[in-house]
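Notes to accompany the following structure.
Note that this is a predicted model, so its numbers are computed, not measured. For the single chain, residues carry numbers from 1 onward in sequence order.
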Amino acid sequence: MAASRSISITYVPADCGSIIPGKSKAPKAFQDVSIASKLRNAGVPSVSEHHPLDSPATYAATTFAPGSVRNEDLNVSVCESVRRTIAQNLNSAAKPPFQLIVGGECCMAPGILSAFWQHAISQTPPLQVGLIYIDADTDLASPTNPGSTGNLAGMNMTHLIRSPGALSSMAQFARPSGAPLCDPSNTVLFGINMSFSGNKQEHFTYLFDNNYKVVSSASVAHGPEQRAKEALQYLESRVDVIMVHLDVDAIDPLLFPLANLPNFTGVTFDQMMRVLKVFLASERVGGLTVAEVNPDHDPGLGMVEKLTDKIVGMLAARGGGYGVSSGVKEKLGKLYSMA
């Protein structure tokens, strides 16, 4: 399956799933560092930009009932809007454009994955979708947990795999068959911080008892490319299309504190970019989500630009460099490797 030569960028300005403001500013930050222009200048022949939300979906201090979450209706609405936009993007051409989604909330993932599944199952023969979930957190909190914070962002994996306590309002984000979007056969949890107190013992018990492939942040730090290759190999033997979700809290904040919430994973920015380079080189990878970016932590947008330049270089290298001459390609490679 050849990689698409076009890219659709979807901007999702939302921070309604947590209590710290700032993530809703991420899409504008990526636009301010000219992500679309950089992709075009790198030789990508077709770059389209999409805005599924009429206005930013921002957090509001509200109460919530037991078993529910804060701002539930707004969070569900964001997922619905994102699903519609990604579905339209995937159906826009015979060969679907690569989907680059920037935000914003990690909890837009169910909307993205449900659009991918809808498109994949409509193909002849039907295709299978997989997810590489790069995140320091398991995101397996439940609305029914005693003392729940009610923040949907910590429940993202709960709704992708429909584990106990998942919201009924999120059940619409599923495969066309109604099955959960993710299960042990099509999911890799990558870069999980095993020592982080927010990752509960019961979360790991659930994952291991149900045979999920989990790659720790410590193992990523010790062998970025090898762990990435192993994750790809695991999924490429099982699925046809892979979505990569990058929560930037998987990058240690000691030198790169861009994430909404810090998580000391031990994985440097350079190591994570080496991981991402392996993933994005696979022709089966059909999209990348960049989530949990908080530009309030980045005066001058130096970190956002550094991340953007790395991603642009990787995407420009897909599909043989999109027809860029070898000389230009070499110059681009040097430029983005130094960024």
Side-chain angles (χ1 to χ4, degrees), residues 6-37 39-40 46-64 68-93 96-119 150-153 155-156 159-160 167-174 181 243 245-248 260 287-296 298 301 304 308:
S6 58
I7 295 176
S8 294
I9 309 174
T10 298
Y11 303 103
V12 187
D15 54 24
C16 52
S18 53
I19 60 174
I20 298 176
K23 289 185 286 184
S24 61
K25 303 173 186 177
K28 185 177 185 301
F30 281 99
Q31 290 175 285
D32 285 347
V33 301
S34 305
I35 187 170
S37 296
L39 283 166
R40 295 184 182 104
S46 175
V47 179
S48 59
E49 298 177 88
H50 307 272
H51 303 270
L53 307 183
D54 294 331
S55 59
T58 55
Y59 171 83
T62 62
T63 57
F64 62 100
S68 182
V69 297
R70 302 178 189 273
N71 306 299
E72 181 174 348
D73 290 346
L74 181 57
N75 277 287
V76 173
S77 175
V78 168
C79 271
E80 291 172 336
S81 298
V82 170
R83 177 175 57 186
R84 283 194 297 270
T85 296
I86 302 302
Q88 291 168 359
N89 293 348
L90 291 172
N91 290 318
S92 65
F98 183 93
Q99 300 300 304
L100 176 59
I101 303 103
V102 295
E105 290 286 13
C106 68
C107 45
M108 60 183 165
I112 297 166
L113 263 291
S114 55
F116 266 83
W117 267 108
Q118 184 181 36
H119 182 268
N151 300 325
L152 190 67
M155 307 173 186
N156 200 25
H159 292 105
L160 289 169
L167 295 169
S168 59
S169 59
M170 293 291 288
Q172 61 175 297
F173 304 106
L181 295 163
M243 183 70 200
H245 174 100
L246 172 62
D247 187 322
V248 294
N260 189 56
L288 169 68
T289 298
V290 182
E292 298 297 308
V293 169
N294 192 331
D296 285 347
D298 189 21
L301 300 183
V304 171
T308 295

Scanning both residues in full, the closest heavy-atom pair of Ser81 with Leu53 reads CB-CD2, 3.8 Å
Minimal non-hydrogen separation, Arg70 against Thr62, with atom names: NH1-O, 2.6 Å
Hey, does the side chain of Thr308 reach the backbone of Val304 with a donor-acceptor pair shorter than 3.5 angstrom? yes
Do His51 side-chain atoms and Tyr11 backbone N/O form a donor-acceptor pair below 3.5 Å? no
Output the distance between atom CE (Met155) and atom CE (Met170), rounded to the nearest 0.5 Å. 11.0 Å
What I'd like to find out is whether the side chain of Asn156 reaches to under 4.5 Å of the side chain of His245, using heavy atoms alone. yes
Where Thr58 and Ser24 come nearest, the two heavy atoms and their spacing: CG2-OG, 3.9 Å
Closest heavy-atom contact between Ala29 and Pro295? CB-CG, 3.7 Å
side-chain contact (heavy atoms from CB on, under 4.5 Å), that's the test. Do Phe30 and Ile9 meet it? Break it down for me. CA-CA 10 Å; Phe30 281 99; Ile9 309 174; over 6 Å; no
d(Ile7 CD1, Glu49 CD) to nearest 0.5 Å is 11.5 Å
Test salt bridge (Lys or Arg N to Asp or Glu O under 4.0 Å) applied to Glu80 - qualifying residues, sequence neighbours left out: none
Cut-off 3.5 Å, side chains only: do Arg83 and Gln172 have a donor facing an acceptor? yes
Interatomic distance, Gln99 atom CD to His50 atom NE2 [nearest 0.5 angstrom]: 7.0 Å
List the atom of Phe173, the atom of Ser114, and the distance in Å for their closest heavy-atom pair. CD2-OG, 3.8 Å
Between Asn71 (side chain) and Ala60 (backbone), is there a donor-acceptor pair under 3.5 Å? yes
Does any non-hydrogen side-chain atom of Tyr59 lie less than 4.5 Å from one of Asp15? yes
What heavy-atom pair brings His119 and Asn91 nearest, and what distance separates the two atoms? CD2-OD1, 3.1 Å
Are the side chains of Ile101 and Met243 in touch, meaning some heavy atoms are under 4.5 Å apart? yes
Determine yes or no for a side-chain-to-main-chain donor-acceptor pair under 3.5 angstrom, with Arg84 supplying the side chain and Pro52 the backbone. no
Where do Leu167 and Leu152 land on the side-chain contact (heavy atoms from CB on, under 4.5 Å) test, with the steps shown first? CA-CA 10 Å; Leu167 295 169; Leu152 190 67; 3.9 Å; yes
Within-4.5 Å side-chain heavy-atom neighbours: Ser48 and Ser6: no
The reported gap from CZ in Phe116 to CG in Asn89 (rounded to nearest 0.5 angstrom) is 9.0 Å
Are the side chain of Thr85 and the backbone of Val82 linked by a donor-acceptor contact shorter than 3.5 Å? no
Pro21 backbone acceptor or donor facing Asn294 side chain under 3.5 Å: yes
Check step by step if side-chain contact (heavy atoms from CB on, under 4.5 Å) holds for Val293 and Val102. CA-CA 9 Å; Val293 169; Val102 295; over 6 Å; no
Report the distance from atom OG of Ser18 to atom CG of Asn151, rounding to the nearest 0.5 Å. 6.5 Å
CD of Glu105 to OG1 of Thr289: how many Å apart, nearest 0.5 Å? 13.0 Å
